[in-house]
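Comments concern the structure below.
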Amino acid sequence: MNLIILINNLNKIIFNKFISIIHKIIHKFSAVIIFFIIWEFLSIIGVFNPNFISSPSTIIIKIIELSLNGIIPFETAYTLIRVLIGVILALIVAIPLGFLLGGFFKKIENSLNPLLRLLEQINPLTLFHLIILFTLINELAIVLVIYWAVQWPLLNNTVTGAKNVPSEFIKIGKSLNFSKSDIFWKIQLPSALPYIFTGLRLGVIFAFLIAMGVEMMGMTTGNGLGYFIMHSQETGYVPDMWAGVAVMTILAVLVNYSITLIEKEYYRIENLLF
């Protein structure tokens with residue numbers, strides 16, 4: 001009898017927890033849910049021409065269909081690999097350079113700032129054609145263009161973060177006989193991380209936008225979500241086109257969300273340790 005009561009109480013707790021989670025999700029994403037409901041309704045009553053705008057239900061069905069036959073995973077992998085390589089290159093270059101300019105050689109940063117602002121304004125899609133002239137390799141050009149787009153928000157935020165490290169922290173580190181390496185790893189880098197994560201999130205958004213743009217230009221090996229979207233549009237497969245747009249959007253959101261989770265987990269571990 002006690003076991004039955006315990007199981008019933010446990011089921012009630014699980015059910016209430018489930019309802020609570022569903023309520024939070026609905027409350028948080030209520031605007032998104034309403035948007036898709038209105039979109040679906042307008043599609044059903046014929047306000048949106050299906051030859052131009054597919055309904056959300058049609059897009060979902062098409063994503064499932066394209067995923068099962070392997071097209072979506074294949075095209076997504078191409079785009080994601082290009083984006084990840086470009087982002088990693090930007091991390092390798094922009095973070096050390098940001099600390100050099102913002103933390104160690106501030107006078108040089110002031111002199112270079114006008115040049116950096118000028119270079120930042122160069123359109124990555126225009127740069128793509130210039131890079132091909134020198135490399136003659138499409139894939140390398142794609143990666144370098146993505147890197148170019150990502151490095152600027154990452155570099156700018158790293159410089160800002162390095163500049164905003166409290167001088168009192170560095171003085172305390174020196175008073176404790178910290179080496180320059182210790183000051184960097186234990187004081188400067190942790191203090192600048194919030195700015196770096198912000199730059200990384202912005203950079204990832206730019207990375208997906210540029211990847212889609214370059215792939216849509218048809219200057220790729222014929223793979224990637226951007227190419228798939230453009231090819232679907234040109235051949236009249238409108239649901240496929242919208243499915244590609246939806247997957248690209250979801251992918252960008254998931255990558256950004258993953259970065260946010262990594263940032264939160266880092267600070268949680270840091271709080272536990274210190």
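In this chain, numbering begins with 1 at the start of the sequence shown.
For the pair L66 and F228, the minimum side-chain heavy-atom distance is below 4.5 Å. You'll find the side chain of I146 stays beyond 4.5 Å of the side chain of F206, heavy atoms only. Between V93 and Y147, some side-chain heavy-atom pair lies under the 4.5 Å cut-off. Proximity of W39 to I53: side-chain heavy atoms (C-beta onward) are separated by under 4.5 Å at one or more points. Using a 4.5 Å cut-off on side-chain heavy atoms (C-beta onward), Y195 and N156 make no contact. Side-chain contact check for V255 versus F208: some heavy-atom pair is nearer than 4.5 Å. Two residues are said to be in side-chain contact when any heavy atoms from C-beta on lie closer than 4.5 Å; F99 and L189 meet this criterion. Between V238 and F52, every side-chain heavy-atom pair lies at or beyond the 4.5 Å cut-off.
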| side-chain contact (heavy atoms from CB on, under 4.5 Å) assessment of T76 paired with V247 | CA-CA 8 Å; T76 300; V247 171; 3.6 Å; yes
| Pair R82-E139, side-chain contact (heavy atoms from CB on, under 4.5 Å): steps then yes or no | CA-CA 8 Å; R82 289 164 176 158; E139 287 297 334; 2.6 Å; yes
| task | Give the intermediate values and the outcome of side-chain contact (heavy atoms from CB on, under 4.5 Å) for residues L119 and W148. | result | CA-CA 10 Å; L119 294 174; W148 184 266; 4.2 Å; yes
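Shortest non-hydrogen contact noted between I45 and L42 is CG1-O, 3.5 Å. Across every non-hydrogen atom of A192 and G161, the tightest pair is CB-C, 3.7 Å. The minimum heavy-atom distance between V165 and S191, with the atom names listed, is CG2-CB, 3.9 Å. When every heavy atom of T160 is checked against every heavy atom of N164, the shortest pair comes out as O-ND2, 2.6 Å. Across every non-hydrogen atom of D240 and S232, the tightest pair is CB-OG, 3.5 Å. Nearest heavy atom pair, residue V145 against residue P124, reads CG1-O, 3.4 Å.
A distance below 6.0 Å separates the ring centres of F74 and Y78.
Side chain of W242 to main chain of I229: no donor-acceptor pair is present (N/O by atom type, distance under 3.5 Å, no hydrogens or angles). Judged by distance alone, the side chain of T126 and the main-chain N or O of I122 form no donor-acceptor pair under 3.5 Å.
To the nearest 0.5 Å, atoms CD1 (I72) and CG (L225) are separated by 6.0 Å. Taking CG of L97 as the start and CD1 of I92 as the end, the distance is 13.5 Å to the nearest 0.5 Å. Distance check: T58 OG1 to E65 CD gives 11.0 Å after rounding to the nearest 0.5 Å. Atom NZ in K62 sits 11.0 Å away from atom OG in S67 (nearest 0.5 Å). In this structure, the separation between CD on E215 and OG1 on T79 is 3.5 Å, given to the nearest 0.5 Å. With rounding to the nearest 0.5 angstrom, the CG atom of L193 is 8.0 Å from the CD1 atom of I95.
One hydrophobic cluster, built from ILVMFWY side chains closer than 4.5 Å, holds both V47 and I59. Under the 4.5 Å side-chain contact rule for hydrophobic residues, I81 and V83 do not share a cluster. Hydrophobic clustering (side-chain heavy atoms under 4.5 Å, transitive across Ile, Leu, Val, Met, Phe, Trp, Tyr) keeps L154 apart from V143. Residues V32 and M248 are members of one and the same hydrophobic cluster, defined by side-chain heavy-atom contacts under 4.5 angstrom among Ile, Leu, Val, Met, Phe, Trp and Tyr. Criterion: ILVMFWY side-chain heavy atoms under 4.5 Å apart, direct or through other members. Under it, V214 and L251 are part of a common hydrophobic cluster.
Surrounding CZ of F169 are at most 12 heavy atoms belonging to other residues, nucleotides or ligands under 6.0 Å away. By the 6.0 Å contact criterion, OH on Y237 is open, its count of non-hydrogen atoms from other residues, nucleotides or ligands being 12 or less.
Within the structure, salt bridge (charged side-chain N to carboxylate O under 4.0 Å, His left out) pairs that include any residue of residues 186-204 comprise R201-E263 (at least two apart or interchain). For residues 222-238, there are no salt bridge (charged side-chain N to carboxylate O under 4.0 Å, His left out) pairs, not counting sequence neighbours.
Scanning for side chain to side chain donor-acceptor pair (under 3.5 Å) contacts around S57 gives E40, S55, with sequence neighbours left out.
Using a 4.0 Å cut-off between charged nitrogen and carboxylate oxygen, K171 and E168 do not count as a salt-bridge pair.
Using cut-offs of 30° and 60° for the angle between ring planes, the H231 and Y227 rings count as parallel.
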